[in-house]
Amino acid sequence: MTSPQPSPMRRGSSLKKLARSFYLQPTLTVARKLLGKYLIRKIGTHTFAAKIVEVEAYLGENDPASHAFRGRTKRNDVMFWKGGHLYVYFTYGMHFCANIVTEGEGKGRAVLIRAVEPIEGIEVMTKNRGLESNDKNFPNLSNGPAKFCQALNIKREQNGTDLLGKEIYITQGENIPRSKIISTTRIGINNGTEKKWRFYIKGNPFVSKK
DNA sequence: CGACCGATTGACT
DNA sequence: GTCAATCGGTCGG
């Protein structure tokens with residue numbers, strides 16, 4: 001017997017994979033538009049889905065806070081690939097963070113995913129984070145850039161993944177009205193602190209704290 | 001080659 | 001609020 005499935009994962013338009021052209025737009029445009037989209041991560045037959053609720057834009061050679069500010073290196077090479085790839089970096093000796101590469105080949109621009117809201121695969125995410133399923137602080141699952149990578153098992157091996165492939169991609173997700181998008185200064189940087197290139201969904205419980 | 005430190009997190013005073 | 005964990009990239013000598 002089939003019954004209606006009102007889950008957002010079952011709504012046709014929300015499942016549509018974003019095209020390359022989406023990522024080739026200006027970085028600040030991509031950053032705002034990524035809010036509400038669904039990040040899909042497949043591992044074998046298992047599927048993770050998570051709504052993007054907080055991002056930060058890093059504008060390459062014009063942005064002293066960006067890894068790409070001092071040019072192309074082995075570490076940041078993927079940032080210079082054409083838009084629509086995943087740039088994953090290792091930091092503080094123990095954490096991974098993931099970015100969506102934007103604009104054209106050679107630009108060195110990207111959008112850091114800072115927080116997501118789990119949609120599908122929550123049990124495995126909880127296990128990956130080393131938490132108990134009855135944890136009182138549920139947002140702790142994915143309310144930070146390294147936390148969400150740990151939850152979705154995104155590590156060094158995922159650096160350079162093409163987001164138009166099958167392993168990791170982004171779908172249309174939910175439309176976020178302009179009135180719910182907050183723009184403010186970025187977190188955890190020492191240069192370029194005046195730029196309001198952090199964007200998040202107002203009121204979403206998974207947005208990281210400042 | 002050694003020193004410094006980071007787009008963070010979690011434990012602790 | 002402060003601070004250690006932990007390691008690879010980056011920079012100065």
Side-chain angles (χ1 to χ4, degrees), chain A residues 23 26-28 30-32 34-35 39 50 52-81 83 85-103 107-118 125-161 163 168 170 182-201 204-210:
Chain A
Y23 303 102
T27 303
L28 294 175
V30 175
R32 280 185 286 260
L34 276 174
L35 296 176
L39 178 67
I52 298 170
V53 301
E54 178 185 355
V55 300
E56 283 178 0
Y58 286 88
L59 271 59
E61 72 282 356
N62 302 315
D63 178 9
S66 171
H67 289 171
F69 183 60
R70 296 175 191 285
R72 196 165 179 164
T73 66
K74 185 174 182 180
R75 181 202 195 196
N76 65 24
D77 193 66
V78 173
M79 275 189 89
F80 290 83
W81 295 9
H85 288 88
L86 196 71
Y87 165 53
V88 180
Y89 68 89
F90 182 62
T91 192
Y92 291 104
M94 63 185 83
H95 299 303
F96 293 98
C97 296
N99 297 251
I100 308 301
V101 178
T102 58
E103 303 190 41
K107 301 290 285 188
R109 299 185 177 191
V111 177
L112 172 71
I113 308 296
R114 281 199 59 90
V116 301
E117 176 180 330
M125 290 185 200
T126 302
K127 181 169 167 287
N128 288 346
R129 289 274 294 127
L131 303 173
E132 299 297 328
S133 54
N134 61 355
D135 196 304
K136 293 180 179 178
N137 186 7
F138 186 48
N140 187 40
L141 198 54
S142 56
N143 63 353
K147 293 179 185 179
F148 113 81
C149 281
Q150 186 180 28
L152 271 62
N153 198 31
I154 294 173
K155 310 190 241 199
R156 212 181 302 279
E157 295 73 34
Q158 280 66 50
N159 187 35
T161 301
L163 299 176
I168 304 174
I170 298 175
I182 305 297
S183 166
T184 183
T185 54
R186 295 175 293 179
I187 295 177
I189 58 174
N190 299 308
N191 299 309
T193 54
E194 77 288 359
K195 302 290 198 302
K196 293 188 173 181
W197 291 345
R198 172 178 179 239
F199 303 95
Y200 64 90
I201 299 175
N204 187 286
F206 289 84
V207 173
S208 70
K209 299 175 194 171
K210 193 142 187 177

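With hydrogens and angles disregarded, no donor-acceptor distance shorter than 3.5 Å links the side chain of R156(A) to the backbone of F96(A). At distances below 3.5 Å, at least one donor-acceptor pair connects side-chain atoms of E54(A) with backbone N or O atoms of S208(A).
With ring centers used as reference points, F138(A) lies under 6.0 Å from F206(A). Outside the 6.0 Å centre-distance limit, the rings of H67(A) and Y58(A) are not counted as a close aromatic pair.
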Practice problem: Under the side-chain contact (heavy atoms from CB on, under 4.5 Å) rule, what do V88(A) and V78(A) come out as? Steps first, then yes or no, please. | Solution: CA-CA 8 Å; V88(A) 180; V78(A) 173; over 6 Å; no
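The distance from atom CZ of F90(A) to atom P of dA7(B) is 13 Å, rounded to the nearest whole Å.
Remark: T73(A) engages N76(A) in a side chain to side chain donor-acceptor pair (under 3.5 Å) (not counting sequence neighbours). Under the side chain to side chain donor-acceptor pair (under 3.5 Å) criterion, T126(A) pairs with no residue, sequence neighbours left out. Partners of D135(A) by side chain to side chain contact (heavy atoms under 4.5 Å, CB included), not counting sequence neighbours, listed by chain and number: L131(A), N137(A). For the side chain to side chain contact (heavy atoms under 4.5 Å, CB included) test, residues two or more places apart in sequence or in another chain that qualify with N128(A) are F48(A), V124(A), N153(A). Contacts of A31(A) classified as side chain to side chain contact (heavy atoms under 4.5 Å, CB included), with partners at least two apart in sequence or in another chain: V55(A), A57(A), V111(A), F199(A). For N134(A), the side chain to side chain contact (heavy atoms under 4.5 Å, CB included) partners two or more places apart in sequence, or in a different chain, are E132(A). In this structure Y23(A) satisfies the side chain to side chain donor-acceptor pair (under 3.5 Å) test with no other residue, sequence neighbours excluded.
Taking the C1' atoms as reference points, dA7(B) lies 23 Å from dG1(C), given to the whole Å.
Judged as a side chain to side chain donor-acceptor pair (under 3.5 Å), the pairs with a partner in residues 183-192 of chain A (not counting sequence neighbours) are, in order, D63(A)-R186(A), T185(A)-K210(A).
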Exercise. Going 5' to 3' through nucleotides 8-13 of chain B, assign each nucleotide B (protein heavy atom under 4.0 Å from a base atom), S (under 4.0 Å only from sugar-phosphate atoms) or - (no protein heavy atom that close).
Key: BSS---
Practice problem: Give DNA chain C the dot-bracket treatment, 5' to 3': Watson-Crick (N1-N3 with N6-O4 or O6-N4) or G-U (N1-O2, O6-N3) under 3.5 Å, [ ] crossing, | other strand. | Solution: |||||.||||||.
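Among the protein residues, N99(A) comes within range of the nucleic acid bases, having at least one heavy atom under 4.0 Å from a base atom.
Near DNA chain C, meaning a heavy atom under 4.0 Å away, the residues from residues 53-78 of chain A are R70(A), T73(A), R75(A).
The outermost nucleotides of DNA chain C lying under 4.0 Å from heavy atoms of chain A, listed 5' to 3', are dA5(C) to dC11(C).
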